[in-house]
Amino acid sequence: MKLKESIESVRKTFRADSDPFPTDIRSIEALRVKYLGRKGLLAALFSSMKDISDNDRPLAGSLLNELKQEINSVFYVNKESSETNQVAHDESDYTLPGLKFPIGHIHPVQQTLDEVKSIFMNVGFSVAYGPEIDDDFHNFSALNFPPEHPARDMQDTFFIDPDTVLRTHTSNVQIHLMEEQEPPLRYIVPGRVYRNEASSFKSYNLFHQVEGLYVDKNVSFADLKGILTYFVKRLFGADTQMRFRPSFFPFTEPSAEVDMWSEARGQWLEILGCGMVDPEVFKSVDIDPDVWHGFAFGLGIERICMLKYGIDDIRLLFQGDKRFLEQF
Ligand code: DAH
């Protein structure tokens, strides 16, 4: 029987090829493909079974199965003991789920900032940015702080030189916006601000503000109240009690501060400053105060963040302690 001879010849070549059994994984794989692969020698023998007479088929089948078993067992025995295989056979369990990479958290200050931004963007404000290092004109003079005016004492300033400061508030960007663009304007300006003061649980050298500026014809204090009331209720809930309290800022007239009632602390807490843009400010950027009116506001993000999340020390927000940050 021709098939019988073919079987014997494959057995012979296999014995020659597999003794000594290869040690590197590529040669083992090549050997496996040659004999056991889908187009390997064994598969060829099996497919020639169909050409064999019914009488010879049982014998041929059993010879072929024997060969297959021999080849398989040589692989089995040698693969178990081959050095290459021991490397692959380390302690790892590749069926275990992978380790998760820590993906971090959005900082609570950023979360608060994102929320404030989205509330104002929903009512048509765009977001603008401005310089953190600025000149006296934009940070003070154009905002109606005269050179010796006591209002400058409200801001403990880091000076880079006598005319250059780390901005003490985001109000400097009001001036940049009005210099660069024609009204109407409707912007919020998030950003970092700096104050030269001792750190404590309630103050830090660096913090974040969001400035608002709305300039148009026929803007009134009622518009200011409407927008800021909407903002506070969106941020802290519709039932939040709030009040506008008269105040003073050099760049707004009249000016106010907004307080919200804290049930937890049983007291009014200041959350932002605001007012109608002072005509002197419009004049400093060549906008005609008889035609254009506007309101502005400024709020401290850390303060709002602390109120929202019940954080009682601002310094926690700047220490980068994961145990703290992971809670948000
Ligand atoms: N710039 C003020 C500050 O840093 C906050 C502020 C108050 C901004 C009233 C305004 C405003 O635009 O109208 O304390």
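We count ligands from 1, going down the list as the structure has it; atoms in each ligand are counted the same way.
- Taking every heavy atom of Gly275 and a limit of under 4.0 angstrom, the matching atoms of ligand 1 come to 13 (O).
- Remark: distances from the non-hydrogen atoms of Phe295 to ligand 1 are all 4.0 Å or more.
- Each of the following atoms of ligand 1 lies closer than 4.0 Å to a heavy atom of Thr252: 13 (O).
- Of the candidates Val173, Leu185, Ile175, Leu213 forms a side chain to side chain contact (heavy atoms under 4.5 Å, CB included) with just one, namely Leu185.
- Within the hydrophobic cluster formed by Ile, Leu, Val, Met, Phe, Trp and Tyr side chains joined at under 4.5 Å, directly or through other members, Trp261 is accompanied by Trp268.
- No side-chain donor-acceptor contact under 3.5 Å links Ser171 to the backbone of Leu143.
- Considering backbone and side-chain N/O atoms, Gly212 never comes within less than 3.5 Å of an N/O atom of ligand 1.
- Of the candidates Phe249, Phe251, Phe248, Phe207, it is Phe251 that places a heavy atom closest to atom 11 (C) of ligand 1.
- Interface of Gln174 with ligand 1, defined as ligand atoms under 4.0 Å from a residue heavy atom, comprises 12 (O).
- No hydrogens or angles considered: nothing links the side chains of Asn172 and Asn139 as a donor-acceptor pair under 3.5 Å.
- Near Ser171, meaning under 4.0 Å from any of its heavy atoms, are these atoms of ligand 1: 1 (N), 8 (C).
- In this structure Gln111 satisfies the side chain to side chain donor-acceptor pair (under 3.5 Å) test together with Tyr309, sequence neighbours excluded.
- Near Ala296, with a cut-off below 4.0 Å to any heavy atom, the atoms of ligand 1 are 12 (O), 13 (O).
- Here Thr229 contributes atom OG1 and Phe244 contributes atom CZ; the two are 4.0 Å apart, rounded to the nearest 0.5 Å.
- In the vicinity of Arg195, heavy-atom distances shorter than 4.0 Å reach the ligand 1 atoms 3 (C), 4 (O), 14 (O).
- Residue Gly273 has at least one heavy-atom neighbour below 4.0 Å for each of these atoms of ligand 1: 7 (C), 9 (C), 11 (C).
- Which parts of ligand 1 touch Gln209 is read off a 4.0 Å heavy-atom cut-off, strictly below it: atoms 3 (C), 4 (O).
- Contacts of Cys274 with ligand 1, taken as heavy-atom pairs under 4.0 Å, involve the backbone alone.
- Listed for the Ser6 side chain is a donor-acceptor partner under 3.5 Å among the backbone atoms of Lys2.
- At distances below 3.5 Å, not a single donor-acceptor pair connects side-chain atoms of Thr164 with backbone N or O atoms of Ile160.
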